[in-house]
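In what follows, a single structure is set out as structure tokens and then discussed.
Everything numeric in this text was worked out from a predicted model, so none of it was measured.
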Amino acid sequence: MSDVMLDLNSVDKFYGSKGQGVHAVCNISMKVMRGEIIALLGSSGCGKTSMLRMVAGFEAVSRGKISIGDREIHALRPVERNVAMAFEGYSLYPTVTVRDNIAFALKSSKFSATDVAVKVDEIAAMLEISTILDKYPSSISGGQQQRASLARALIRDADLYLLDEPMGQLEPQLRTLLRGRIKAYIKERGLTAILVTHDQTEANALADRIAVMEDGELQQFASPEDIKKSPANIFTGTFVGEPPMNVFPARASISEETVCLRLNENIDLSYPADAFSAELRASLAEMGDIVLGVRPYAVQRRDTGSLATVVVNQWLGDQSHIATNFAGGSLVLVEHDRTQLSEDEQIAIYLEPSDIHIFNSKTGMAISHGARLIG
Amino acid sequence: MSLELTNISKSFKDEMVLDGVSIQVHEGKTLVLFGPSGAGKTVLLRLIAGVIEPDSGQIKISGTDVDGVEPEDRNIGMAFQNFALFPHMDAHANIASPLTAQKQDKSAIQSGVQTLAKLLKIDHVLDHKPKELSNGQKQRTALARALAGKPKVLLLDDPLRNVDAKLRFEMRLELPRLLSDQNTTVIYVTQDYKEAMAFGDEIAVISSGVVQQIGTPEDIYLTPANIEIARLFGDPVINYLDVTVQKDAVGIFALVSDKRVDLNSGYARAVGQDCSLGIRPESILFVPASHPGAVPVTVEAETPLNEKTVNLCLTARGREIMASRPSGTVGPANGPAFVSIEAANVLIFDKHTGELIEPDKFY
Amino acid sequence: MQKNSNLENVLRGVAITAIILFFMFPILWIFLMSFQTNETILRVPPSPFFEPTLTNYRSLISGKLEGSTATLEIAFMSNLYNSLFLSVTSVTVGLILGVPAAYAFARLKFRGSEDIAFTLLSFRFAPPLLVLLPLTIYFQQIGLADTYGGLIWVYQLIVLPLILWIVRGYFEDIPADIEYAYRIAGHSFWATFRKIALPLAGPGIAAAGLLAFIFAWNNFIFALVLASADKQPVTVGALAFITASGINYGQIAAGIMLSIAPTFALALYAQRYLVEGLSLGAVKG
């Protein structure tokens, strides 16, 4: 038995007729290891739900192969795939109680009635739905239905657990609490799970690796930390991270002593040449036009430097988010204490070379992170 | 006073949705209604808009009692959580609807719509029907429509809920400025405490149909009226530990991990009382063992969260607490460590009622 | 799954053909009959091949029914006109009354609104004869018997509940927030009804109107009892084809073709609305 639990091999999905249809999923290959939690992260319409539905068997694969363990499953019916799924739209059976909804998947299995009751109580306690077990789906709130649907999926014994926006309807506080519990539940049992979400906080908190999707294409598939530290392209850089990464078009000029990144006629960022690796300097000299990215928390305020004008300063209790006008664009800073800055005040900005991400201005692909060439 | 609600109550069938709500908003100010879903926030907005009637209480807009005044005569603008755009009209006609109601002439309507559309960066999609707009564009169209009639009172019902994180962040920075330029009185409903902190001149925390606390973002964050409110603001949520406030020759203190944590001497009246000690995650700092008042903990796990690193720690008594620090700063990933808890950053709540116990000032 | 798809397609094709044959064959056969004489229709065995004739249509339009023994005067064309007039007017009146009422039932939850709405629907439960006998007496006393006005009034029993319940479902499907938004923007209740509710419920209103038209057109019993010869619609008038001297099948077939033509054309034209209207509106209502 291999350690790869789910293997997607060059999977495509087309909707509609040829020529004018939608290419919802474009040639995606990825491997999910046993015991791993994967998040498919992207905005609505990026193809993440189509992917999940193809794995579950509710959509046919247009091209490519899907395997679970050693079994090729893309031609099997959903019931034959041994996957459990929690739906975004709850989809509970309306004629039976929440308890029976959750226990339904265990009815046909080897467990005795008391074992089933114990398991249901346990999972209901974890998801904070113990008090509504004897109610019918129509009499409980959307958030409760969603948790019941999640419980029904997690209680099963399946090779793979598919969770489609499992916490979209929940309140922020409850979401934070349940994230931790669900992760612990999955990890303790060594389950393999795929989570579809548009909420990056959720993806970061739950997933071992995140697959960032956009326009049906896999943008990056890496650990949350790697995505944050080394975004593969401008899209991932600006999509993952809250607040999003600041990006500016720039022109690089390289001399013997300095590396100069010119953002516009007023703003040059000059660094001693040795702050950047020789290979990076060489490719910068060759390209000229680049896109420069810097994370909001890495933007530093100094006594001298390039000037930015404060537009808003929002204190959120534990952080201050400061938006400024900088080099004809918007630059956002995050500071971890309460910053006293008022509108229209000028501040001096400094960007450390090790915090700078450089992207190809034409393809949007990352060239360097922290002044070192990729690869 | 631009908007004044006095003792508003409303029930649907037997369920009390609002119970004696009183709120005042000054002209040009923004009040955020914050609370969990089902708290009655949306009902309150609808009462102000006039699409439903209160069972009792009085609503005054610019000093006039609006009881019996139809929604169209109240001079308000409203943006809905689900946008509620008119599906059979293009974006232009949607935004223009308050202006056509005011019977403005064609050129005035044209320029009014154009100005707002430019400001909100939707001038290139004005001829699109709602279903052809992206979520972000829909949200901006709904906002433009709410602003177009230059209303005295603007009601925004969680307008950023259904847009993606990036756009939500952009709008969080843009919107306060836009609103202050319009100089209208705003009621903003949200479930996101960050939006509440960012937008509100004042925040009214509502739960179960009752206003729990009204105050500036600072008041609410630093001196929450009860433990529930403290838990609603802040990510990760505030830690609370059950303690008994004690007193000895040195001063007032409580025990955490069997170590002394000194408290403000103003808490003398709470001595002997069972309390919950509320400590914000960002106020728990990792320190060397030699630091005075260092409290021993065991670090269990480390997770990143929005430019912060959050450590889950266990106290010596096995209670979980969360500590957060800026990303990139050094801290222990796991194992034994020491934290310091500063007296100034500690909140004390009555364990039974959950109410905040404020320190007496004159000590 | 993919291997099955060919077989599935073949089976699906067979099933569809069977259904089409089952439902369309009578219509096709009547269509063919309407171009034949009684002799070709009644020959054994029947055959779809014959020499077409227009005499059936000619005699209907001219109003002279040529039986095997004598010529009978019939008012088929005026019956057709009556049908058209009664149906169109009834539906128009039904829409004028029913659409605002449906809006009221959908939006204004007043005391007893559910009961009233249900009472209106219950008109459809009772067998028409139950209502008809007392109505005949009342109509004679107040002078409404054998008038178009009286018939249109009675036709509301068919048309109004239908329109009310379908359109109400449609109005309920419009999110209330959209209407609130229009009112808050400064428009009156009536402006909101005209500019938002009506256009958005448009397909439902069209479907309800169409269905009501078909029901009104097909009505038989009300007109049979309440109308005399010159007010009779085509459904009642068709009785005249059964004469003492025999039945002229060719002319009946031609009469059927003419009388289903308007509803058939309407239904074909608005098929989409009809299906959508029935499946969306009625399910919810």
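Ranked by heavy-atom pairs under 4.5 Å with chain B, the first of C:Ala191, C:Ser188, C:Pro175 is C:Ser188.
Listed by sequence position, B:Arg46, B:Ala49, B:Val51 are the residues of residues 44-55 of chain B in contact with chain C, using a 4.5 angstrom heavy-atom cutoff. Using a 4.5 Å cut-off between non-hydrogen atoms, the part of residues 83-122 of chain B that approaches chain C consists of B:Ala84, B:Leu85, B:Phe86, B:Pro87, B:His88, B:Met89, B:Ser97, B:Pro98, B:Thr100, B:Ala101.
Within a 6.0 Å radius of CZ in C:Phe118, no more than 12 heavy atoms belonging to other residues, nucleotides or ligands are found.
A cation-pi arrangement, defined by a distance under 6.0 Å to the six-membered ring centre and an angle within 45 degrees of its axis, is present between C:Lys231 and C:Tyr148.
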Walk me through it: do B:Glu174 and B:Arg140 pass the test salt bridge (charged side-chain N to carboxylate O under 4.0 Å, His left out)?
-> CA-CA 12 Å; B:Glu174 258 175 63; B:Arg140 285 163 186 260; 3.8 Å; yes
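Proximity of B:Gln191 to B:Lys41: side-chain heavy atoms (C-beta onward) are separated by under 4.5 Å at one or more points. A heavy-atom distance below 4.5 Å is found between the side chains of C:Tyr155 and C:Asn219. Considering only heavy atoms from C-beta on, B:Leu160 stays 4.5 Å or farther from B:Thr190 through its side chain.
In this structure, CD on B:Glu27 lies 8.5 Å from NZ on B:Lys152, to the nearest 0.5 angstrom. The structure places CG of C:Leu135 at 7.0 Å from CG of C:Leu157, a figure rounded to the nearest 0.5 Å.
For B:Asp157, no part lies under 4.5 angstrom from a heavy atom of chain C. Of the atoms belonging to C:Ile184, heavy atoms from both backbone and side chain fall under 4.5 Å from chain B. Using a 4.5 Å cut-off between heavy atoms, C:Phe189 touches chain B through its backbone atoms (N, CA, C, O) alone.
With C:Val91 as reference, C:Leu95 is the one residue of C:Leu95, C:Thr89, C:Val93 to meet the side-chain contact (heavy atoms from CB on, under 4.5 Å) rule.
Not a single donor-acceptor pair under 3.5 Å links the side chain of C:Gln156 to the backbone N or O of C:Trp153. Between the side chain of C:Arg183 and the main chain of C:Thr192, no donor-acceptor pair closer than 3.5 Å is present.
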